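Just so it is clear, the model here is predicted, and its values are computed rather than measured. Just so you know, these numbers use all the heavy atoms, side chains as well, and skip hydrogens, waters and symmetry mates. All chains are named by letter (A, B, ...) in the order of the sequence lines, taking the proteins before the strands, and each is independently numbered beginning at 1.
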Protein chains: 2
Amino acid sequence: MPKITFFNLPEDKKETLIHAAKKEFSRVPLYDASIANIIKEAGIPRGSFYQYFEDKEDAFFFLLNELTKEHKYIFIHILTRNNGDIFETMIEFFRIIISEEENFNFLKNTFLNMTHRIESTFSRSFSSNERNESFEKFSSLIDKSLLNILDANELFYVLKIIAAVTFRSFVDKFARDLPIEEAMNSYLIEMNLLKKGLYRDIPEST
Amino acid sequence: MPKITFFNLPEDKKETLIHAAKKEFSRVPLYDASIANIIKEAGIPRGSFYQYFEDKEDAFFFLLNELTKEHKYIFIHILTRNNGDIFETMIEFFRIIISEEENFNFLKNTFLNMTHRIESTFSRSFSSNERNESFEKFSSLIDKSLLNILDANELFYVLKIIAAVTFRSFVDKFARDLPIEEAMNSYLIEMNLLKKGLYRDIPEST
DNA sequence: TTGACATATGACATAGTGTCATTTAGAATA
DNA sequence: TATTCTAAATGACACTATGTCATATGTCAA
């Protein structure tokens with residue numbers, strides 16, 4: 001988390017800083033980002049940066065968190081509108097994220113360098129790593145009658161699976177610079193495979 | 001790829017270097033690894049390191065590639081023994097990887113910092129990002145009659161899905177330091193869900 | 001013995017991080 | 001208004017790490 005000093009800043013200076021950081025993290029991934037570029041862009045001295053943030057990562061995760069909050073909001077909205085149909089929701093959500101123009105490069109750099117820590121932060125937008133309050137909240141919005149599950153425990157794993165496949169689809173889209181419709185096509189195929197199951201039931205021999 | 005100079009090295013010096021690099025990459029992930037530690041451990045001067053490798057990454061990906069080759073070999077062996085049953089194979093393979101003691105920390109650091117580039121390298125052990133020769137080879141070994149697919153294209157996506165879920169399970173195991181049996185349990189649940197499908201067929205209304 | 005080539009070496013230039021002593025600003029108090 | 005106190009700003013600096021390069025060393029063939 002940024003330091004109190006950052007939050008005490010006048011709104012416009014805060015904006016300037018956020019903008020500068022976002023610009024740098026859109027240019028290159030976290031590890032290649034340079035504080036020098038951020039402060040040059042924001043027009044602040046080096047020492048100030050460290051008044052506001054612990055370090056580079058602190059600034060990055062602050063931005064990522066902000067973005068994630070927005071995504072979570074969108075996600076819940078779509079889920080509600082779709083009466084808890086998780087697959088319909090994922091498909092709509094997927095399209096929205098890959099279509100975001102403003103955050104395109106930030107997202108690209110983030111997805112292509114998705115360490116576990118980044119993934120954990122990001123995940124909060126539409127699922128959860130652990131069975132916690134966040135999971136319970138999502139769970140309550142999902143229409144479980146549509147799913148092939150026995151109990152809450154299986155729901156947890158279902159969401160994990162959907163999240164894993166969705167992440168990979170994001171990465172694929174950004175890594176191979178797929179056009180939106182192509183990425184959507186692949187994603188739809190995968191979601192359908194997930195729905196119907198990958199295994200063929202061997203018919204009982206007569 | 002390491003430079004020719006590296007491959008020209010006498011076997012024991014090569015071994016020393018590999019061992020030193022592996023030790024460092026087991027201690028910390030790629031980005032935190034320091035060349036200073038590697039050369040200190042290997043007892044070579046700084047300049048020599050750059051005679052052998054382009055940079056830190058070069059050394060890391062060399063090691064990762066070597067490990068991946070072994071994994072691929074194991075994977076194909078298991079797949080053959082299981083007559084092309086991809087699910088049985090994944091489950092056996094998963095257990096073997098998470099049980100590896102020798103490479104435990106190297107794998108842990110790798111999985112918890114799985115950038116797209118690392119993932120691509122790693123994937124080669126049991127699947128492929130793109131539909132290339134590697135995919136064709138795997139494809140030929142897989143018993144497709146067990147799978148709920150229409151054509152080779154769907155097979156490609158099935159493998160992508162299985163790979164995505166398996167990766168996430170690896171990450172989970174290492175991130176949360178799960179005991180082997182617990183990780184296996186979760187993985188089995190997920191593989192079963194994948195097999196049977198996540199969606200419940202709504203019975204035709206009478 | 002000499003020349004040509006491959007390899008080894010460590011000092012150095014460069015770049016980036018995080019700290020800290022000092023300065024400045026602004027609010028609170030007398 | 002003058003004084004004091006605290007939060008914030010600042011940039012020089014110490015430190016760490018990378019990658020390069022001029023020079024030294026070793027090896028083999030002619």
TODO: Determine the sole option in Tyr73(B), Tyr187(B), Phe75(B) for which the ring pair (Phe, Tyr, Trp, His ring centres under 6.0 Å) test with Phe93(B) is passed.
DONE: Phe75(B)

Task: Derivation and outcome, salt bridge (Lys or Arg N to Asp or Glu O under 4.0 Å), residues Glu24(A) and Lys40(A) - done: CA-CA 11 Å; Glu24(A) 178 65 359; Lys40(A) 202 195 300 169; over 6 Å; no

Task: Salt-bridge present (Lys196(B), Glu154(A); N to O < 4.0 Å) - done: yes

TODO: Using a 4.0 Å cut-off on protein heavy atoms (strictly under), produce a 5'-to-3' string for nucleotides 6-19 of chain D with B for base contact, S for backbone-only sugar-phosphate contact, and - for none.
DONE: --SBBB------BB

- [ ] Assign the ring pair Phe111(A) / Phe174(A) to parallel, tilted or perpendicular, where the plane angle (0 to 90°) is split at 30° and 60°.
- [x] parallel

TODO: For the residue pair Ile118(B) and Phe61(B), establish whether any side-chain heavy-atom pair is separated by less than 4.5 Å.
DONE: yes

Task: Range on DNA chain C touched by chain A, heavy atoms, distance below 4.0 Å - done: dT17(C) to dT19(C)

Open item on the list: Is there a salt bridge (Lys or Arg N to Asp or Glu O under 4.0 Å) between Glu182(B) and Arg176(B)? Walk through the geometry before answering.
Closed with: CA-CA 11 Å; Glu182(B) 201 173 322; Arg176(B) 301 200 282 148; 5.8 Å; no

TODO: Determine, stepwise, if the pair Glu88(A) / Asn82(A) fulfils side chain to side chain donor-acceptor pair (under 3.5 Å).
DONE: CA-CA 7 Å; Glu88(A) 283 308 307; Asn82(A) 280 304; 5.9 Å; no

TODO: Measure the angle between the two terminal helix axes of the helix from dT1(C)-dA30(D) to dA30(C)-dT1(D), five base pairs each, and quote it to 10°.
DONE: 20°

Open item on the list: Salt bridge or not between Arg95(A) and Glu181(A)? Use side-chain N to carboxylate O under 4.0 Å.
Closed with: yes

TODO: Report the distance from atom OG1 of Thr16(A) to atom CD of Glu11(A), rounding to the nearest 0.5 Å.
DONE: 10.0 Å

Open item on the list: Are the side chains of His116(A) and Met114(B) in contact, using a 4.5 Å heavy-atom criterion?
Closed with: no

